[in-house]
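Heads up, the thing below is written out as structure tokens.
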Number of protein chains: 2
Amino acid sequence: MSDIPEEYLPLIAHVQKRVSFSDTEIRTFIEAFQVKKIKKRQFIIQPDFVATHRNYVVKGALRGYTVADGGQENTIQFAIEDWWISDYNSYIYQKPATMFVMALEDSVLLQIDHRAEEQLKQSGQKFETFFRIMGERSTAYMQRRIIRNLTLNAEERYEEFIKNYPLIAQRVPQYTLASYLGMTTESLSRIRNKRVHKKS
Amino acid sequence: MSDIPEEYLPLIAHVQKRVSFSDTEIRTFIEAFQVKKIKKRQFIIQPDFVATHRNYVVKGALRGYTVADGGQENTIQFAIEDWWISDYNSYIYQKPATMFVMALEDSVLLQIDHRAEEQLKQSGQKFETFFRIMGERSTAYMQRRIIRNLTLNAEERYEEFIKNYPLIAQRVPQYTLASYLGMTTESLSRIRNKRVHKKS
DNA sequence: AAAAACTGTTGATATGGGTCATGGCAAAAG
DNA sequence: CTTTTGCCATGACCCATATCAACAGTTTTT
């Protein structure tokens with residue numbers, strides 16, 4: 001296992017935390033992925049094109065968002081190290097995307113394309129299991145987000161976010177976070193300002 | 001296959017639409033499920049108890065919701081015939097639920113418990129595949145909902161809902177739909193009223 | 001069959017967060 | 001080093017939706 005490029009090591013650790021693969025399986029698994037380096041502001045997914053890949057973040061930060069008719073941007077997902085990102089409605093059904101996915105920083109990704117993923121899953125039950133677990137957990141994750149969005153007001157949503165994802169909050173531009181939380185930049189700015197004064 | 005109780009037939013059709021199972025596999029699959037009949041207003045999941053089952057609706061209608069501190073109810077999910085429902089954060093991780101799941105009508109369910117589901121998935125790749133597809137699709141479904149909730153205003157959210165799920169809209173109490181759409185009963189009532197007058 | 005509880009409607013009023021406008025600062029571009 | 005651009009802050013004002021209240025029809029309970 002010593003000849004594996006270092007970009008793959010985080011993904012191997014990620015996988016081993018969720019399923020137990022033999023060395024051969026690990027090798028087969030990571031061979032389905034290619035290293036992709038992208039620059040800040042580069043897009044890996046755009047509306048009307050099919051999302052060809054599922055992306056694992058080795059290094060960097062990305063943002064998935066939609067743009068409404070009026071031009072308003074809404075952040076659907078962030079991804080930093082050890083997260084996955086894609087437009088799942090596009091990737092899973094292999095139909096045109098509705099989201100942009102853009103790098104917020106220079107980033108290093110591991111990409112698997114849809115075809116390779118299908119082959120991998122068919123080639124062994126454990127691979128299938130891994131992707132099943134991914135699906136389950138992202139369903140649970142999304143359900144939590146839906147609950148928070150319905151239940152909490154703007155300030156509480158922000159509080160929850162920095163409690164749960166402090167690393168992301170520090171790293172992404174505030175307007176992207178605002179649109180993830182379903183509020184305007186101005187509102188988020190005021191909320192943050194209020195907190196600063198309260199704490200003193 | 002003729003000795004299978006009729007409650008199972010919709011589930012068999014449901015499964016065959018997503019994966020192709022042999023007769024033996026179908027039999028193994030449905031044997032993991034029990035028929036459960038519940039009365040209107042009966043709960044199948046409650047906060048602080050672990051959600052033991054994943055539930056397929058053969059007949060009837062159910063509603064998953066949370067109750068906030070102030071007593072405000074928020075509908076997370078509806079399920080009618082041919083839908084699945086559970087508190088996935090509870091079921092998948094086998095930890096205490098935060099949701100109620102209650103029958104809106106007398107209903108017939110097919111339930112699989114967590115233990116049986118795990119066994120089933122380990123007993124054959126195709127079963128794993130089925131649950132993997134479920135997970136993928138519900139992730140995609142939830143992502144669509146998140147996008148709509150961030151993007152649309154109250155009236156548009158309602159329009160989208162009746163366009164996508166007309167059968168559910170007809171069948172559930174309006175205050176449950178309002179809380180699903182993230183608005184008050186009063187607002188939904190006004191939106192509906194406005195539509196009626198516009199149409200004429 | 002009367003009472004109670006539940007559900008939906010409508011009106012009056014309030015407010016959280018949006019919109020618009022301006023300015024400042026830091027980083028990138030030239 | 002200067003200019004431009006991107007990001008954030010702040011103030012004034014506004015609007016979509018919430019809140020509160022009263023009522024009516026319907027369903028459930030007794």
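A, B, ... follow the sequence lines: proteins, then strands. Residue 1 opens every chain. Just the heavy atoms: all of them, side chains too, but no hydrogens, waters or symmetry mates, feed the values below.
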Rounded off to whole Å, could you give me the [atom1]-to-[atom2] distance for the [X] and [N] pair?
| X | N | atom1 | atom2 | result |
| --- | --- | --- | --- | --- |
| L104(B) | dT28(D) | CG | P | 13 Å |
| R192(B) | dT10(C) | CZ | P | 11 Å |
| N153(B) | dA18(D) | CG | P | 11 Å |
| E155(A) | dG16(C) | CD | P | 11 Å |
| Q72(A) | dG17(C) | CD | P | 15 Å |
| K194(A) | dC8(D) | NZ | C1' | 18 Å |
| L152(A) | dA18(D) | CG | P | 15 Å |
| E105(A) | dA27(C) | CD | C1' | 15 Å |

With sequence neighbours excluded, what pairs up with [X] under the side chain to side chain donor-acceptor pair (under 3.5 Å) test?
| X | result |
| --- | --- |
| S107(B) | none |
| N164(B) | E160(B) |
| H114(A) | none |

Could you pull out the closest heavy-atom pair between G135(A) and T139(B), with the gap in Å?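 So the minimum-distance heavy-atom pair works out to O-OG1, 3.3 Å.
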
What closest approach, in Å, do I30(A) and Y8(A) show between heavy atoms, and which atom pair accounts for it? O-CE2, 3.4 Å

According to the salt bridge (charged side-chain N to carboxylate O under 4.0 Å, His left out) rule, which pairs have a member within residues 58-68 of chain A, sequence neighbours left out?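 Output for this query lists K59(A)-E81(A), R63(A)-E73(A).
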
Donor-acceptor pair under 3.5 Å: do we get one between R190(B)'s side chain and the base of dG8(C)? no

Show which side-chain atoms of residues 174-183 of chain A pair as donor or acceptor with protein atoms under 3.5 Å away, not counting sequence neighbours.
unit_1	atom_1	unit_2	atom_2	d
T176(A)	OG1	P173(A)	O	2.6
S179(A)	OG	T75(A)	N	3.0
S179(A)	OG	T75(A)	OG1	2.6
S179(A)	OG	T176(A)	O	3.1
Y180(A)	OH	Y141(A)	OH	3.1

Any side-chain hydrogen bond (donor to acceptor under 3.5 Å, both in side chains) pairs touching residues 123-134 of chain A, not counting sequence neighbours? E25(A)-K126(A), E128(A)-T129(B), E128(A)-R132(B), T129(A)-E128(B), R132(A)-E136(A), R132(A)-E128(B)

Got a sec, which pairs hit side-chain hydrogen bond (donor to acceptor under 3.5 Å, both in side chains) with one end in residues 91-101 of chain B, sequence neighbours left out? Y91(B)-E117(B)

For the atom pair CD1 (I76(B)) and CD1 (I147(A)), what is the distance rounded to the nearest 0.5 Å? 4.5 Å

In terms of ring plane angle, is the pair F100(B) and Y65(B) parallel, tilted or perpendicular, where the classes change at 30° and 60°? parallel

Hey, would you say the H53(A) and W84(A) ring centroids sit under 6.0 Å apart?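 Judged by ring-centre distance (under 6.0 Å), H53(A) and W84(A) do not meet the cut-off.
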
Within 45° of the ring axis of F131(A) and under 6.0 Å from its six-membered ring centre, is that where the NZ or CZ of K121(A) lies?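 That pair qualifies as a cation-pi contact.
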
Do any of residues 176-189 of chain A sit with a heavy atom less than 4.0 Å from DNA chain D, and if so which? E186(A), S189(A)

Can you list the stems that include DNA chain C, where a stem is three or more consecutive Watson-Crick or G-U pairs with distances under 3.5 Å?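 For DNA chain C the paired stretches long enough to count as stems (3 pairs minimum) are C:1-30 with D:1-30.
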
Would you give me the side-chain donor-acceptor pairs under 3.5 Å for residues 37-46 of chain A, sequence neighbours excluded?
unit_1	atom_1	unit_2	atom_2	d
Q42(A)	OE1	K39(A)	N	3.0

Kindly give the atom pairs (protein nitrogen or oxygen, nucleotide nitrogen or oxygen) under 3.5 Å for nucleotides 3-7 of chain C.
unit_1	atom_1	unit_2	atom_2	d
dT7(C)	OP1	Y175(B)	OH	3.4
dT7(C)	OP2	Y175(B)	OH	3.2

K40(B) side chain near dT27(D) phosphate (N/O to OP1/OP2, under 4.0 Å):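 Negative; the distance criterion is not met.
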
Let's see if you get this right: which residues in residues 60-71 of chain A place a heavy atom under 4.0 Å from DNA chain C?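 Heavy-atom contacts with DNA chain C come from no residue of residues 60-71 of chain A; none.
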
